[in-house]
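Have a look at the structure below, then the notes.
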Amino acid sequence: MATDDIHDGKTDQTGQDVADIFTEMLRIQGEAARQMMAGFSPEAADSWPDKAAIDDFGAAMLAAQQNWFDMIMPGENKLPSALPDAHPSAWFDAMHKLAATMPAFDLEAQQSMWRDGLELWNNILGHYTEQGRSDANLEALWRNDRRFADPAWRAEPAFALIHQTYLLMADRISAAIERAEGLDEFEREQMSFATKAMLDAMSPANFPLMNPVVLERTIATQGENLVKGLERLTHDLEAGQLTHTDKSTFKIGENIAATPGKVIYETELFQLIHYTPTTEKVLETPLLIFPPWINRFYILDLNPKKSFVRWALEQGLSVLLVSWRSADASLADITMDDYVRAQIEAIEVTRERLKVNDVHTVGYCVAGTTLAATLAVLARRGEADKVASVTFLTAQVDFERAGALKLFVDEENLDFIRQASTKGYFDGRYMAATFNLLRGTDLIWNYVVNYYLLAEDYPAFDLLYWNGDVTNLPAKWHEAYLTNLYRDNLLVVPDALSADGTPIDLTRITTPAYVQAGREDHIAPPESVFEITRHLAGPLRFVLAGSGHIAGVVNPPAAGKYQHWTGPEGAESLDQFVASASETKGSWWPDWFAWIEQLRPAEVKVKGARKPGGKTNPAIENAPGRYVRQR
């Protein structure tokens with residue numbers, strides 16, 4: 001999709017220039033690459049993708065971001081159409097011009113930054129004299145950032161000036177946003193996020209002619225790195241998303257999502273997988289897992305060493321898991337009602353197949369949000385006893401403090417989502433781009449530098465393979481989720497929403513709950529996850545895990561990584577919980593299983609329906625099933 005298509009021609013050229021900063025960066029990189037490759041490989045230089053192709057890629061990567069730049073640089077304010085070349089003075093001038101366009105950057109702040117910049121230049125240039133190189137206080141001179149950790153950035157004054165100027169001015173611009181008057185909290189967060197994304201894109205590390213490491217690699221390989229990078233860029237342009245890992249090393253069902261089991265039930269929306277037990281006895285109450293539908297389920301079954309599914313089997317649990325279908329036009333009318341009905345249906349099928357009264361449930365991320373709604377529906381209907389426990393993994397129900405993702409639910413972004421969902425579903429590549437933007441330095445520009453410009457070998461990393469295996473979302477449900485929950489925060493308002501004809505009131509939920517949050521989670525911030533403790537009425541155990549949204553959850557005990565904190569019930573806030581919590585090294589998984597086992601300690605032998613695929617528990621196909629392979 002071209003950039004102009006997204007805005008339907010409504011954005012002026014100034015806004016378009018700023019909104020297109022990512023694609024403009026690619027064009028500038030392309031021009032620099034042509035210059036550098038001309039002497040090595042003229043044919044490769046001539047084959048650089050044209051403007052239209054790069055526009056398509058930029059739209060797929062950052063279309064959701066465009067309105068942010070329109071907001072912070074409206075009207076006559078304009079980023080220079082050509083970003084600076086490798087001369088330090090040009091970069092210095094360009095950063096000042098950028099600061100001048102910032103609404104929060106007043107004249108006094110601009111003058112102060114100019115003075116600080118001149119002082120920085122004098123100090124750096126002084127270092128490159130014979131006397132300066134022996135300065136004992138040299139370390140105090142440098143601003144450190146891992147993008148510029150290579151010694152080549154300090155070996156020559158030009159590159160030292162460029163990256164130190166960038167870091168100084170980026171710091172000043174960011175600080176100006178924090179000091180700006182007349183902004184409410186939401187507006188400040190909007191401007192801060194958009195500014196950071198733009199500054200990340202403008203890092204001199206992203207420009208071939210400004211990056212000494214890229215220049216050294218180009219000379220050493222006679223341009224081979226840029227030829228290879230061109231091939232990769234062309235591939236990513238065609239795919240519409242960045243490559244993060246060597247995909248050829250992973251095969252679903254063989255070395256990823258490979259835990260043995262059977263698909264025992266399916267609908268148009270999901271397949272239900274029953275995994276093969278690995279113990280002679282299992283807990284009588286089975287475990288039913290609902291992974292998020294915005295990703296593939298196998299985040300919980302990456303490989304034998306990391307698999308939560310396999311580990312749970314080894315503890316003596318009967319494990320079943322829902323594999324959601326990636327949306328296409330046939331699922332255009334899917335709504336919240338359908339996901340709640342699907343979760344109730346999976347609970348009922350599990351109870352009937354395994355001949356049990358109740359099940360343990362797990363809801364990860366957005367599926368945990370919907371699972372809360374499902375439990376509220378069951379409670380209202382007098383059927384709460386069908387669920388023995390609920391585990392919420394990095395799941396939010398109260399979105400008042402939902403973090404950066406909440407910034408994407410203003411009307412302009414919602415309008416973009418509507419325009420991008422004309423076939424009845426929202427392309428998963430846009431969602432992936434949004435999540436990548438939350439960590440742009442790590443998940444976008446790091447890859448541009450390392451794998452387009454330096455042509456490093458892609459790592460064979462199962463987590464990154466999963467991250468790139470995107471799913472499409474039903475358009476109606478996706479928009480309703482963003483408006484009703486993220487924007488309007490209606491899930492925590494008793495009876496403000498209904499599902500399957502039943503009003504939702506979370507305070508009716510008395511099911512024992514285990515709530516896990518990630519200390520460094522940037523998608524579901526721990527203070528937001530903690531809010532669930534204010535809305536449920538049953539016994540609850542809150543656990544704070546080290547790391548973030550993925551590594552904080554997928555942390556097998558054998559790895560010996562991170563830590564977790566537990567504490568008494570009744571904390572009024574996350575800060576209060578942390579103040580009284582006890583730290584335990586390693587994974588939270590054993591703590592969770594001890595909690596599960598204590599709730600329902602009874603065991604049964606593994607026979608009959610406890611083995612998937614037999615007469616009493618017939619199978620449709622082997623795990624991981626068809627739905628996880630559909631694109």
Please check if the side chain of [X] supplies one atom and the backbone of [Y] the other of a donor-acceptor pair under 3.5 Å.
| X | Y | answer |
| --- | --- | --- |
| Asn472 | Ala327 | yes |
| Thr369 | Ala395 | no |
| Ser323 | Leu272 | no |
| Ser573 | Gln576 | yes |
| His564 | Gly586 | yes |
| Gln343 | Ala367 | yes |
| Thr245 | Phe461 | yes |
| Trp588 | Gly552 | yes |
| Asn255 | Lys251 | yes |

Going by side-chain hydrogen bond (donor to acceptor under 3.5 Å, both in side chains), name the residues that satisfy it together with Ser421, two or more places apart in sequence or in a different chain. none
Please give me the minimum heavy-atom distance between Pro556 and Ser587, naming the atom from each residue. C-CB, 4.0 Å
Locate the shortest heavy-atom distance separating His274 from Ala609; write the atom from each residue and the value. CE1-O, 3.4 Å
Contact list for [range], test salt bridge (Lys or Arg N to Asp or Glu O under 4.0 Å), sequence neighbours left out:
| range | value |
| --- | --- |
| residues 555-580 | none |
| residues 608-625 | Glu621-Arg626 |
| residues 297-315 | Lys306-Asp462 |
| residues 537-560 | Arg541-Asp591 |

Can you find a heavy atom in the side chain of Leu300 that is under 4.5 Å from one in the side chain of Val553? yes
For Trp477, all residues meeting ring-ring contact (aromatic ring centres under 6.0 Å, His included), sequence neighbours excluded: Trp293, Tyr339, Tyr481
From the list Trp592, Phe297, Tyr364, ring-ring contact (aromatic ring centres under 6.0 Å, His included) with Phe308 holds only for Trp592
Would you say the side chains of Gln630 and Ser326 form a donor-acceptor pair under 3.5 Å? no
Identify which one of Asp338, Asp337, Asp333 satisfies the salt bridge (Lys or Arg N to Asp or Glu O under 4.0 Å) criterion when paired with Lys476. Asp333
Scan for ring pair (Phe, Tyr, Trp, His ring centres under 6.0 Å) pairs involving [range], sequence neighbours excluded, and state none if there are none.
| range | value |
| --- | --- |
| residues 368-406 | Phe399-Tyr486 |
| residues 600-631 | none |
| residues 250-270 | Phe250-Tyr465 |

Side-chain atoms of residues 595-602: list all donor-acceptor pairs with protein atoms under 3.5 Å, sequence neighbours left out, distances to 0.1 Å.
from, atom 1, to, atom 2, distance (Å)
Arg600, NE, Asp358, OD2, 3.4
Arg600, NH2, Asp358, OD2, 2.7

Identify which one of Leu463, Asp469, Leu464 satisfies the side-chain contact (heavy atoms from CB on, under 4.5 Å) criterion when paired with Trp466. Leu463
Only counting residues at least two apart or in another chain, list the ones meeting salt bridge (charged side-chain N to carboxylate O under 4.0 Å, His left out) with Asp328. Arg325
CG/Leu473 to NE2/His478 distance, rounded to the nearest 0.5 angstrom? 5.5 Å
Relative to each other, are the rings of Phe593 and Trp311 parallel, tilted or perpendicular (30° and 60° limits)? perpendicular
All side-chain contact (heavy atoms from CB on, under 4.5 Å) counterparts of Asp398, not counting sequence neighbours: Glu400, Asn489, Val492, Glu531, His535
